Amino acid sequence: MRSGLLHVRSFIGLVNPVLNPLVVQSELGRIFQLLKCPMATYSVEERGAPNSTEYRVYLRNESGPISPLHDIPLLADSCKKIFNMVVEIPRWTNAKMEINLKEVLNPIKQDVKKGKLRYVANCFPHHGYIWNYGAFPQTWENPDVLDEATGCKGDNDPVDVLEIGYRVAKRGEVIKVKVLGAVALIDEGETDWKIITIDVNDPLAEQMKDIADVEKHYPGLLKATIEWFKVYKIPDGKPENQFAFNGEAKNREFAHKVVDEVHKFWQSLVKKESEAGGISCANVTVQDSPFKIDYKDAEDIVSKSPALEEAKPTDPSVVDKWHYVHLK
C-alpha cells in the first residue's frame, strides 16, 4: 500500500496547477482503483532436485501456496480480454514439464514414461519447444464431452497455450497474454487445443490483433508449429499426429469461444458437478468449491516435499540428440 501512496503523492506533486481538473480526477480515480484492486503477484518455490522424479515447482501468491490450476484467475483483465498463462516449459528447453493434476496443489513436475523422465526430442531444425509452452488456469478439456468442432472428446487437461513473443519465459512464471488464435491437435483420438498467444508486454503485442498477424509478423511460425506437433512423437516410435481442419489455424474469436467453453468445464469440475476422475481439486481461493482448504494446510503440503537440491545431470544422448524426421 505504501508504494501506491507514494505513486499518488508523486503524481499530485507533478500536476500542473492549471491542468484540467477532470483529467486530474480521472487519473487519481485510476490510481485509487489500482490500490483498491491490486494486481496479484505470483512466485515459485522449487522442491527436490531438478532433473529427478522428486522435482516439483509450487506456485505461491502473497498469502501462501496455491494451485496453478485452480487458484490463478483465467482472466487478468476481463475488459481487455487479457489472460493469465502459467508457463510450464520455457522456449528451447526439452524437459516435458506439466501441471500435475493428481497431486494436491497441482505442482509443476516432469512427466515420466516407462519409469524415465520425459524429454521431447529435437526434430531438426527444431530444438526443444519452439514457443513458451504452458496452460491457461481454470480450464479443463472435459473427456466426457464431445467437442462439436472436432468431433472428439477432450483430453482431460487444462487447455494448452503457446506464447510466441521474443522473451524466453521462466518455468512457473505467470504471464499476461492476449489470444490470437487456435489449432486443434487430435492426439490419440482426443481433442487437444493449442491456443496461440503473445505476451502483452512484447514489443509487437499492440500490432498482433488476430491470427493473420502471426504470419505477417512471424512468417513461417504457424507452418513450423503444425510440423512440430506432427513430428515430435515420431522418434518415440509413434505415428504422425493429426489435426482437425487440416491444420488450419482458427481466428481469435473462435479461440475465445474455445477458452470460454473449457473454463465452464473447469467450473463444473471445481464445484463437484463433474466427475474429477483422479484430478485433485484442492484450492485455497475458490469460495464456492467444496474442495477449498486453508493456507496452513497448503503450507504443510509443500513443507512435506523434499527440500530443493542441486540439479541432477541430464543424459546428452537424450537431450542433445538430433532426429531427422520426414513427413510423408
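In what follows, residues are counted from 1 in the order of the sequence shown. Predicted model, so just to flag it, every value in this text is computed and none were measured.
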Regarding K233 and D187, does a basic nitrogen lie under 4.0 Å from an acidic carboxylate oxygen? yes
Output, in order, the C-alpha distance, side-chain angles, deciding distance and verdict of side chain to side chain contact (heavy atoms under 4.5 Å, CB included) for W140 and H263. CA-CA 6 Å; W140 177 52; H263 179 56; over 6 Å; no
Closest heavy-atom contact between V168 and R91? CG1-O, 3.8 Å
If you take all heavy atoms of E310 and A49, which pair is closest and at what distance? O-CB, 3.4 Å
Between R56 and E54, does at least one N-O distance fall below 4.0 Å, as a salt bridge requires? no
Closest approach of I72 and V86, non-hydrogen atoms and distance? CD1-CG2, 3.9 Å
Quick one: does N61's side chain get under 4.5 Å of D71's, heavy atoms only? no
Between E62 and T41, is the side chain to side chain donor-acceptor pair (under 3.5 Å) condition met? List the steps. CA-CA 7 Å; E62 299 92 334; T41 57; 3.2 Å; yes
Test log, rule side chain to side chain donor-acceptor pair (under 3.5 Å), inputs D315 and S317: CA-CA 5 Å; D315 183 352; S317 69; 2.7 Å; yes
Do L75 and V259 sit in the same hydrophobic cluster, where Ile, Leu, Val, Met, Phe, Trp and Tyr count as joined when their side-chain heavy atoms come under 4.5 Å apart? yes
So, are R47 and E45 salt-bridged, with charged N and O less than 4.0 Å apart? yes
Checking side-chain polar atoms at under 3.5 Å, does S67 have a donor or acceptor matched by the opposite partner on N106? yes
Taking all heavy atoms of V284 and all of A298, pick out the closest pair and write down the distance. CG1-CB, 4.1 Å
With rounding to the nearest 0.5 angstrom, report the CD1 to CG distance, I196 to D213. 12.0 Å
Tell me, with the steps shown, if W193 and D155 meet side chain to side chain donor-acceptor pair (under 3.5 Å). CA-CA 9 Å; W193 286 104; D155 70 347; over 6 Å; no
Under 4.5 Å between any side-chain heavy atoms of P68 and Y42, yes or no? no
For the atom pair CZ (F83) and CD1 (I175), what is the distance rounded to the nearest 0.5 Å? 13.5 Å
Before accepting this row, confirm whether a basic side-chain N of the pair E299/K304 lies closer than 4.0 Å to the acidic partner's carboxylate O. no
Do F291 and K272 have side chains that get closer than 4.5 Å, going by heavy atoms? yes
Do H70 and W266 pass the side chain to side chain donor-acceptor pair (under 3.5 Å) test, and can you show the C-alpha distance, the side-chain angles, and the key distance before you say yes or no? CA-CA 9 Å; H70 305 302; W266 168 83; 2.9 Å; yes
Could you pull out the closest heavy-atom pair between K170 and P90, with the gap in Å? C-CG, 4.1 Å
For side chain to side chain contact (heavy atoms under 4.5 Å, CB included), just list the numbers for I186 and N241, CA-CA rounded to whole Å, side-chain angles, deciding distance to a tenth of an Å, and then say yes or no. CA-CA 7 Å; I186 304 301; N241 272 328; over 6 Å; no
Side-chain heavy-atom pair T53, Q110 within 4.5 angstrom cut-off: no
Looking only at heavy atoms, what is the nearest atom pair of D202 and G165, with distance? OD1-CA, 3.2 Å
Stepwise side chain to side chain contact (heavy atoms under 4.5 Å, CB included) test for I195 and V258: CA-CA 9 Å; I195 309 300; V258 171; 4.2 Å; yes
Hey, what do you get for CD1 (I293) to SG (C281), rounding to the nearest 0.5 Å? 11.5 Å
Return the CD to NZ distance between Q207 and K216, rounded to the nearest 0.5 Å. 7.5 Å
Contacts of D288 meeting salt bridge (Lys or Arg N to Asp or Glu O under 4.0 Å) (sequence neighbours excluded), chain-then-number -> K271
According to a 4.5 Å side-chain heavy-atom criterion applied to Ile, Leu, Val, Met, Phe, Trp and Tyr, with indirect links allowed, do L117 and V120 form part of one hydrophobic cluster? no
Identify each donor-acceptor pair in which a side-chain atom of residues 245-256 lies under 3.5 Å from a protein atom, sequence neighbours left out, and give them as a table.
{"from": "N251", "atom 1": "OD1", "to": "E253", "atom 2": "N", "distance (Å)": "3.3"}
{"from": "N251", "atom 1": "OD1", "to": "F254", "atom 2": "N", "distance (Å)": "2.9"}

Could you tell me whether a side-chain N or O of D294 sits under 3.5 Å from a main-chain N or O of D297, the two making a donor and an acceptor? no
Side chains of V325 and F124: closer than 4.5 Å at any heavy-atom pair? no
Hey, could you give me each pair passing side-chain hydrogen bond (donor to acceptor under 3.5 Å, both in side chains) that has a residue in residues 114-134? Not counting sequence neighbours. N94-N122, D111-R118, H126-E227, W131-T225, N132-E163, Y133-D160, Y133-K194
Derivation and outcome, salt bridge (charged side-chain N to carboxylate O under 4.0 Å, His left out), residues D77 and K81: CA-CA 6 Å; D77 187 327; K81 280 285 188 178; over 6 Å; no
Could you tell me the separation between the CG atom of D199 and the NZ atom of K178, rounded to the nearest 0.5 Å? 11.0 Å
Side chains of K153 and V145, heavy atoms from C-beta outward: is any pair under 4.5 Å? no
Would you check if L221 and I164 make a side-chain contact, meaning some heavy-atom pair closer than 4.5 Å? yes
NZ/NE/NH1/NH2 to OD/OE distance under 4.0 Å, D260 and K264: no
Validation row: M208, Y218 side chains within 4.5 angstrom (heavy atoms): yes
About how many Å separate CG of D157 and CD of E98, when rounded to the nearest 0.5 Å? 7.0 Å
Just do the side chain to side chain contact (heavy atoms under 4.5 Å, CB included) check on N84 and F136 with the steps written out, would you? CA-CA 6 Å; N84 284 313; F136 277 154; over 6 Å; no
